[in-house]
Amino acid sequence: AAYTLAEPEALPERLDIPLARSDGYLLVPTYLNGESAGLMMIDTGASLSVIAQGVAGSLGLPKDGAGRTLGVGGFEDFDYRRAEHFSIGQPTSTIAGQKNAQRGVLQLERERLASLRMVGFGEALGVGWAWSAAFTDFGDVPFALDAPNRQLTLYQPRAFRPPAEATRHRLRDFRKLPMVRAELDDGNQRVEVWLIIDYGADNALTLPRAVLDRYPGVVAVNAAGSGSTRGIGGTVSSTQTWVENFRVFGLNLQHIPVNFETPPPTMRGEVLIGRIGNSLLQHFRLTFHPAHGWVYAEWNPTGDADTTNN
């Protein structure tokens, strides 16, 4: 069966889309103009759907304007490429002679893709890919990312019910990206930070360098090393260590690897904004309800992910 986000009430009560996983990244089968186009990475830390420049050229996708996006290394200019019938999912399967109505192909309401320079970027991530789907691609439809069980589930809005075993947390919007509140402990006080929920980021936790400067007691040990993070907009240097105590999604976690980086100018200010990446997110099933501004978190549901200290 084929469904479209343009008609959310025509979705089944739940639509399950199997995912692949590579080094923690979630990948979904993609179709362009009805033809299989390989696997696409789900990147909730992006507000644009992306296609590599080389792939866009080889597919002959026409240019359709220009834009600018903000990444970890700053701003990057790009061309839009037009793509009709941009879909994800898996054709309806048959089980014991009956069609599995919970599976199908979903057409995303995205007619333009940002064509970016991706040379070396996939290698830096440790996974080969040429596409990414953004958080905004799913609109206001409730959806769940179940990393341990490799599944994306979309829900018909009227039929949606929050998961019974999940904890509920307020979503905050930052440049169309989902953020959740978290707390650090520097030994004297709780330090509030807001974290972009970023399945496209490899690091477990990325925090602005201002946190380390203002609250040095949040780390378990002094700076343990240095490195760099490569992403849209270029490369940024980082200080690597561990945070002593960290609370997010209602869980108390200890000794979590962290990268302290200087964020782009638009992310600097009194509100401390960082990212929680797939090294931690792979242990959660997260259900997003964008229209109501909530995210529901379940820690390590049945699957093959290893637990961390909590």
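Computation of the quantities below employed the complete heavy-atom set of this structure, encompassing side-chain atoms and omitting hydrogens, waters and symmetry-equivalent molecules.
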Check whether the side chains of [X] and [Y] place a donor and an acceptor atom closer than 3.5 Å, and report yes or no.
X    : Y    : answer
T206 : N259 : no
T239 : R209 : yes
R110 : T136 : yes
S87  : H85  : no

Heavy-atom pair of closest approach, residues [X] and [Y]:
X    : Y    : value
H283 : P148 : C-CG, 4.2 Å
A56  : S115 : CB-OG, 4.0 Å
Y199 : I42  : CB-O, 3.6 Å
Y3   : P12  : CE2-CD, 3.4 Å
F246 : I256 : CD2-CG1, 4.1 Å
P8   : P157 : O-CD, 3.6 Å

- Item | Residue E84 excluded, over 12 heavy atoms near CD under 6.0 Å | yes
- Query: Counting heavy atoms not belonging to Q189, are there more than 12 under 6.0 Å from its CD?
  - Reply: yes
- Item | Test: E298 and R285 ion pair at under 4.0 Å | yes
- Message: Between the side chains of E9 and R158, is the shortest nitrogen-to-carboxylate-oxygen separation below 4.0 Å, so that they form an ion pair?
- Response: yes
[X], [Y]: one ILVMFWY side-chain cluster at the under-4.5 Å cut-off?
X    : Y    : result
L205 : V191 : yes
L15  : L152 : yes
I276 : L251 : yes
V180 : Y296 : no
L32  : L5   : yes

- Message: My understanding is that only one of D198, I197, V193 makes a side-chain contact (heavy atoms from CB on, under 4.5 Å) with L195; could you say which?
- Response: V193
- Per the side-chain contact (heavy atoms from CB on, under 4.5 Å) rule, which among L26, L27, V50 passes with M41? L27
- Query: Is the closest side-chain heavy-atom distance between L11 and V141 below 4.5 Å?
  - Reply: yes
- Does the side chain of D146 reach to within under 4.5 Å of the side chain of T153, using non-hydrogen atoms? no
- Message: Quick check against the 3.5 Å criterion: does T30 have a side-chain atom that pairs as donor or acceptor with the backbone of V28?
- Response: yes
- Message: For F86 and W131, take the angle between the two ring planes, folded into 0 to 90°, and tell me which bin it lands in: parallel under 30, tilted 30 to 60, perpendicular over 60.
- Response: parallel
- Message: Given the ring of Y80, does R112 sit roughly above its face, with NZ or CZ under 6.0 Å from the centre of the six-membered ring and within 45° of the axis?
- Response: yes
- Message: Tell me which pairs pass salt bridge (Lys or Arg N to Asp or Glu O under 4.0 Å) where either residue lies in residues 62-71, with sequence neighbours left out.
- Response: K63-D79, D64-R82, R68-D77
- Quick one: list whatever passes salt bridge (Lys or Arg N to Asp or Glu O under 4.0 Å) with E192, sequence neighbours left out. R181
